Protein chains: 2
Amino acid sequence: MSANSRLTIAAHALAWIGLYQRQGHEVATSEQIAASASTNPVVIRRLLGDLRQAGLVESRRGVGAGWSLARDLESMTLLDVYEAVEPGPLFALHRAAPDPGCVVGHGIQPAMQRIYDVIEETLRRELARVTLKDVLQDVLAVPR
Amino acid sequence: MSANSRLTIAAHALAWIGLYQRQGHEVATSEQIAASASTNPVVIRRLLGDLRQAGLVESRRGVGAGWSLARDLESMTLLDVYEAVEPGPLFALHRAAPDPGCVVGHGIQPAMQRIYDVIEETLRRELARVTLKDVLQDVLAVPR
DNA sequence: AGCTGTCGTAACAATAATAGTTACATCGCT
DNA sequence: AGCGATGTAACTATTATTGTTACGACAGCT
């Protein structure tokens, strides 16, 4: 599957900002986060832009600008992040509509869609069980 | 997410073969299945090739060649199909390794990996609950 | 007012995966 | 031998993600 790293990078960014603020800083810049995540600042700004729309972070502009958490890490779950940065569904149906004249072609899409809906709901439940505070805690618990 | 339709098309193919055999035919051709799924026969042959490696279908060559089920649809689950046609993980880690000198960069990958492992295991459990017989039954239950 | 550092965003290139297509060797039955 | 299908390589097309450059907008400072 063409898995992407958006959820990983977004979680990285949130954990980074959270830790940075815990150390007494007001805001974090996209450049700092990008350096830690080994990517481009624009990638971070785009992701954090999505997270801001979801109400997870805030940004300041001008000199001394940067990003800060809009809520406590404890109140954010991976589901919040997932919904903010992953638009599409997990599994796709057919690219072109299957033959409606065939019994299987006719019934397969509603049948699979119902299955996929159940599976995505389960995925959501799992994602909702992990808070970003948990993530940061796990990160800090990794031995050097 | 760049969702793909492999699982959908593979399930479609299996349901089609199952129904076709139920109607008394010995083997199904990739061309027939491709017509029902609105795709190219080669795409079907490639997917069925993966399913054959997993022991779900068999193929005959020569005249009167085609594909048949290697086992009863009841004994196949969507997990079997998923494992046969989806190589990669659901979520990717960073493309480039994060900064190991940063606390977050150092700990984020093992932390996220552990979370992803749990989530994938949950996904597997859900997929394993649905047999291909269920799928065909659902397909046939869709009203015209 | 002007300077500075950062966001916000557009535009484009690079990379990668999936899917579609053509072509053809190979196989096995009649 | 002829036929109809698989098996597979090679290539193209499409699409999504990621990376990069560029630059306007903004806000605080001197």
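Note that this is a predicted model, so its numbers are computed, not measured. Naming: A, B, ... by sequence-line order, numbering from 1 per chain.
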message: Students often mix this up, so state it plainly: with edges at 30° and 60°, are the rings of Y20(B) and H25(B) parallel, tilted or perpendicular?
response: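 The arrangement is parallel - the two ring planes meet at less than 30°.
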Which whole-number value in Å describes the distance from [X] [atom1] to [N] [atom2]?
X: E31(B); N: dT6(D); atom1: CD; atom2: P; result: 8 Å
X: L47(B); N: dT8(D); atom1: CG; atom2: C1'; result: 14 Å
X: D50(A); N: dT18(D); atom1: CG; atom2: C1'; result: 14 Å
X: E86(A); N: dT17(D); atom1: CD; atom2: P; result: 7 Å
X: R6(A); N: dG19(D); atom1: CZ; atom2: C1'; result: 13 Å
X: N40(B); N: dT22(C); atom1: CG; atom2: C1'; result: 9 Å
X: L51(B); N: dG7(D); atom1: CG; atom2: P; result: 12 Å
X: W67(A); N: dG5(C); atom1: CH2; atom2: P; result: 20 Å

message: It should be established whether T29(B) places a side-chain nitrogen or oxygen under 4.0 Å from OP1 or OP2 of nucleotide dT6(D).
response: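 False: T29(B) side-chain N/O out of range (4.0 Å or more) of dT6(D) OP1/OP2.
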message: At less than 4.0 Å, is any side-chain N or O atom of S5(B) found next to OP1 or OP2 of dA19(C)? Yes or no.
response: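 Looking at the OP1 and OP2 atoms of dA19(C), one of them is under 4.0 Å from a side-chain N or O of S5(B).
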field: Salt-bridge contact R71(A)-D80(A) (side-chain N to carboxylate O under 4.0 Å)
entry: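 Counted as a salt bridge, because a side-chain N and a carboxylate O are separated by less than 4.0 Å.
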Out of [options], which has the shortest distance to the side chain of [X]?
X: R61(B); options: dT6(D), dG20(C), dT18(D); value: dT6(D)
X: S59(A); options: dT6(D), dT18(C), dC7(C); value: dC7(C)
X: R46(B); options: dA19(C), dG8(C), dA5(D); value: dA19(C)
X: R45(B); options: dA23(C), dA5(D), dT17(D); value: dA23(C)

field: Pairwise 5' ranking along DNA chain D for S38(A) and V63(A), keeping only the more 5' one
entry: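 Mapping each residue to its closest nucleotide by heavy atoms, the 5'-most match is S38(A).
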- request: Select base, sugar-phosphate, or nothing to describe what G66(A) touches, counting heavy atoms under 4.0 Å on all strands.
  value: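 Contact class for G66(A): sugar-phosphate only.
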task: Let me know, please, whether R95(B) or V42(B) comes out on the 5' side of the other along DNA chain C by nearest nucleotide.
output: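 It is R95(B) whose nearest nucleotide is closer to the 5' end.
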- prompt: If you pin G62(B) and V43(B) to their nearest nucleotides in DNA chain C, which one's is more 5'?
  reply: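 Upstream on the strand: V43(B).
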query: Considering only heavy atoms from C-beta outward, does the side chain of T122(A) approach that of L123(B) to under 4.5 Å?
result: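 Answer no - side chains too far apart.
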task: Evaluate the side-chain proximity of L93(B) to Y116(B): yes if any heavy-atom separation is below 4.5 Å, no if none is.
output: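 They are in contact (side-chain heavy atoms under 4.5 Å apart), so the answer is yes.
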- prompt: Is there a donor and acceptor pair, one atom on the side chain of R52(A) and one on the base of dG8(C), closer than 3.5 Å?
  reply: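 Per atom types, no contact qualifies.
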query: What's the shortest heavy-atom distance between G101(A) and R144(B), and which atoms?
result: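 Closest approach of G101(A) to R144(B), heavy atoms only: O-NH2, 4.5 Å.
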